[in-house]
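The model shown is predicted, which means the values in this text are computed figures rather than measured ones. Chain A is the first sequence line, chain B the second, and so forth, proteins listed ahead of strands; every chain is numbered from 1. Excluded from the calculations below are hydrogen atoms, water molecules and symmetry mates; all remaining heavy atoms, backbone and side chain alike, are included.
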2 protein chains.
Amino acid sequence: MYNCAAGQDGYPFGVLRGFFNGEEGRMAASIRDVALRAGVSVGTVSNVLNRPDDVSQDSIRRVHEAIAELGYVRNDAARKLRAGVSSTVGFVVLDGQNPFFGEVVRGAEDEASRNSIAILHGNTDEDVERERMYLDLFEEQQVRGVLISPYSDINPRLERLRARGIPAVLVDRFSGDGRVSSVSVDSVIGGRMAVEHLIETGRRRIAFVGGPFEIRQVTDRLAGARVAVDDSPEPVEIEVVATSALTVAEGAAAGARLIARPRADWPDAVFAANDLLALGVLQSLIVGGRILVPDEIAVIGFDDIAFAAAAAVPLSSMRQPSRMIGRTALRILLEETDDPGLIPRQTVFLPELVVRESTRAAQRR
Amino acid sequence: MYNCAAGQDGYPFGVLRGFFNGEEGRMAASIRDVALRAGVSVGTVSNVLNRPDDVSQDSIRRVHEAIAELGYVRNDAARKLRAGVSSTVGFVVLDGQNPFFGEVVRGAEDEASRNSIAILHGNTDEDVERERMYLDLFEEQQVRGVLISPYSDINPRLERLRARGIPAVLVDRFSGDGRVSSVSVDSVIGGRMAVEHLIETGRRRIAFVGGPFEIRQVTDRLAGARVAVDDSPEPVEIEVVATSALTVAEGAAAGARLIARPRADWPDAVFAANDLLALGVLQSLIVGGRILVPDEIAVIGFDDIAFAAAAAVPLSSMRQPSRMIGRTALRILLEETDDPGLIPRQTVFLPELVVRESTRAAQRR
DNA sequence: AATCGCACTTGAATCGATTCAGGTATCTTC
DNA sequence: GAAGATACCTGAATCGATTCAAGTGCGATT
């Protein structure tokens with residue numbers, strides 16, 4: 001039979017550890033060592049750290065001294081295991097290359113650091129497999145919650161996380177069925193505003209450059225564009241130039257394809273699904289084709305990333321409040337972890353038209 | 001007195017948990033539940049997960065079935081606590097806004113995901129306080145290791161982490177004293193190459209735009225620039241235009257200050273400490289001052305971010321192998337965690353001159 | 001039939017922080 | 001001075017996965 005008390009009855013752990021270990025200092029101090037040094041119990045040390053109001057000033061002082069002397073740092077794994085609270089949240093990002101998401105992450109980080117929370121970061125690069133992998137990883141980590149700009153349809157997966165006590169907030173994507181909170185920008189309205197602007201400035205043959213269409217934002221923006229075209233009193237044509245990714249390179253390729261046509265078949269304006277594409281289009285038109293922007297072809301993008309203003313021809317764009325999106329998403333996430341009973345809510349921002357040189361009114365108008 | 005065996009002697013935990021809990025499914029299955037369901041001991045389940053070679057095929061099958069049926073996910077906190085292995089690494093980044101660091105993170109992430117490791121992410125924004133906060137956070141988390149592009153002098157801090165068994169690898173920064181591994185690009189040589197290129201293309205009055213000088217890369221690049229100037233057979237002037245941050249906005253402000261001078265005092269070339277600054281300078285020269293680039297003033301940057309090529313005038317730059325830096329840093333970090341006895345090593349890449357429109361040879365030459 | 005090795009399984013002890021029932025000392029109140 | 005309230009402290013039990021000494025069963029060897 002086992003001696004129940006063995007190892008529990010005031011064994012001088014601190015000493016034993018040093019003894020077993022040999023190289024002093026290699027092993028981190030635990031709460032036990034702190035208690036020993038401060039001359040109090042482990043419970044008191046824990047209380048000093050977690051509910052200082054229940055502890056005498058004297059104990060607080062001695063514990064803090066011991067902590068400083070030993071260089072004690074709380075072991076988050078043990079804390080997480082016992083108390084079930086986590087100080088990390090996961091963020092699954094669609095495209096880490098896109099400065100737009102960089103800004104969103106930054107917003108979330110600002111809010112997180114205010115709560116001493118760190119962000120676990122994962123790029124999916126529009127890859128279902130990676131998306132799944134990161135969610136698995138985050139689940140194992142028992143993160144406090146997950147922010148995600150989803151690529152595939154992951155509702156079932158999010159349900160399961162929620163069942164495990166890990167809430168999720170969709171970022172830059174509206175939650176269709178309302179079963180999970182979301183923070184997004186209305187891409188349909190954004191698409192409409194962009195194209196209305198093009199029509200108002202005299203364009204009649206519009207090319208929508210974007211893809212892949214698995215990405216919801218792309219289809220939404222196109223849908224908005226079509227609404228603008230349909231609602232226009234004047235006849236306006238719109239065509240779709242599909243890309244395989246939302247990158248500068250794909251934008252440049254699309255632009256090159258456009259101007260490879262006979263001049264009579266050129267559009268007079270391009271609405272790109274995001275700024276990376278728009279910058280690529282811009283570059284191919286100007287550098288590759290020596291085409292006058294906006295006179296021959298106007299270009300507008302979406303997101304208003306920092307580089308839009310610094311482009312060859314300063315780029316008009318639909319601004320998303322990116323920092324705010326990240327900050328809001330994280331705040332909602334924390335509220336939901338604090339009170340799991342909360343009903344999911346959808347926060348939608350409106351994009352804002354930012355007019356720059358690339359869509360100046362057409363000359364011939 | 002306590003009954004020692006209570007709760008340990010084959011209690012039907014699975015059932016009890018369900019009973020206490022009420023709402024079925026809310027609580028995650030533990031390894032105990034899996035063992036119960038598979039009809040084996042917890043030790044065997046653990047072995048299936050960690051050393052399948054020691055387990056019979058039959059057990060493996062049954063355990064995997066039980067895992068699938070219960071939707072079991074390993075609790076990383078418990079694993080970390082007992083086994084001391086962590087599946088996260090921390091990455092403290094100087095400036096998350098800079099696409100260069102975005103690429104570095106991406107490279108690290110590629111390598112990490114290959115090892116089922118997630119990256120904890122922290123932006124310091126060149127703020128000592130935030131830098132300290134993130135290191136604290138990562139230490140509590142007991143990350144497997146830390147990648148860091150340091151702002152302040154954090155060697156003592158890294159020593160302490162190492163003493164705790166958490167190695168660190170400096171990213172984009174050479175380790176002066178060789179006490180910690182690093183992966184970097186030789187900024188001095190890079191600065192020299194950039195300015196040599198400017199001199200070769202006929203420039204004689206060079207302005208170095210950069211700052212703050214607390215950032216090592218900035219001083220290194222300036223030092224390299226000075227070497228090129230000193231080694232030049234022809235007399236070349238160099239002046240320093242200090243900025244308070246490495247941003248597009250600061251670059252634009254610096255550019256504006258330059259061209260606010262009488263024309264006779266203008267430099268004929270600008271070497272910016274990074275591409276963000278360079279793009280800002282470019283923008284202020286072209287849009288703000290209607291100055292011909294590169295004929296009146298040439299501009300070269302550093303990093304060769306994706307947007308350099310898409311700028312108003314395609315920007316020459318010193319390319320850093322950013323993805324490779326991230327990937328290499330993570331690989332070294334993992335090697336060091338596997339074998340803590342490894343001697344720190346410094347990996348240095350050479351930057352590569354990428355010539356574009358913004359430094360085309362001067363007309364007057 | 002005894003002995004040994006091999007393949008596999010078992011389950012208590014363990015990691016470190018938190019929790020909480022129970023305990024002690026001091027102070028109030030009538 | 002007894003009863004009760006208050007303030008604070010203690011330490012065993014706990015979270016869930018891993019580890020490892022001990023054990024079981026079976027076939028091969030002598």
Please report, rounded to the nearest Å, how far the P atom of D:dG16 is from the CD atom of A:Q142.
9 Å

Provide, to the nearest angstrom, the distance between the CG atom belonging to A:L36 and the C1' atom belonging to C:dG16.
15 Å

Sorted by chain and number, sequence neighbours left out, side chain to side chain contact (heavy atoms under 4.5 Å, CB included) with A:A329 holds for A:L147, A:V169, A:V171, A:V183

Please list every donor-acceptor pair under 3.5 Å in which a side-chain atom of residues 114-122 of chain A meets a protein atom from a residue at least two apart or in another chain.
residue: A:R114; atom: NH1; partner: A:E111; partner atom: OE1; Å: 3.2
residue: A:N115; atom: ND2; partner: A:E111; partner atom: O; Å: 2.9
residue: A:H121; atom: ND1; partner: B:E109; partner atom: OE2; Å: 3.1

In chain order, what residues pass the salt bridge (Lys or Arg N to Asp or Glu O under 4.0 Å) check against B:E139, with sequence neighbours excluded?
B:R157, B:R160, B:R164

Under-4.0 Å salt bridge between A:R74 and B:D136
no

Regarding B:T88 and A:Q141, do their side chains bring together a donor and an acceptor under 3.5 Å, going by distance alone?
no

How would nucleotides 17-25 of chain D be written as a contact map, 5' to 3', with B for base contact, S for sugar-phosphate-only contact and - for no contact, using protein heavy atoms under 4.0 Å?
BBB------

Does A:R132 pair with A:E129 as a salt bridge, N-O distance under 4.0 Å?
yes

Phosphate OP1/OP2 of D:dC9 contacted by A:S41 side-chain N/O (<4.0 Å):
no

Selection: residues 52-63 of chain A, any non-hydrogen atom under 4.0 Å of DNA chain C
none

Can you confirm whether more than 12 heavy atoms, excluding those of B:R61, are under 6.0 Å from its CZ atom?
yes

Any chance the side chains of B:N123 and B:D95 put a donor and an acceptor closer than 3.5 Å?
no

How sharply is the helix from C:dA1-D:dT30 to C:dC30-D:dG1 bent, taking the axes over five pairs at either end and rounding to 10 degrees?
50°

To the nearest 0.5 Å, atom CG of A:N75 lies from atom NZ of A:K80 at 10.5 Å

Hey, which of A:T44, A:V42, A:V48, A:N50 is the one that makes side chain to side chain contact (heavy atoms under 4.5 Å, CB included) with A:S46?
A:N50

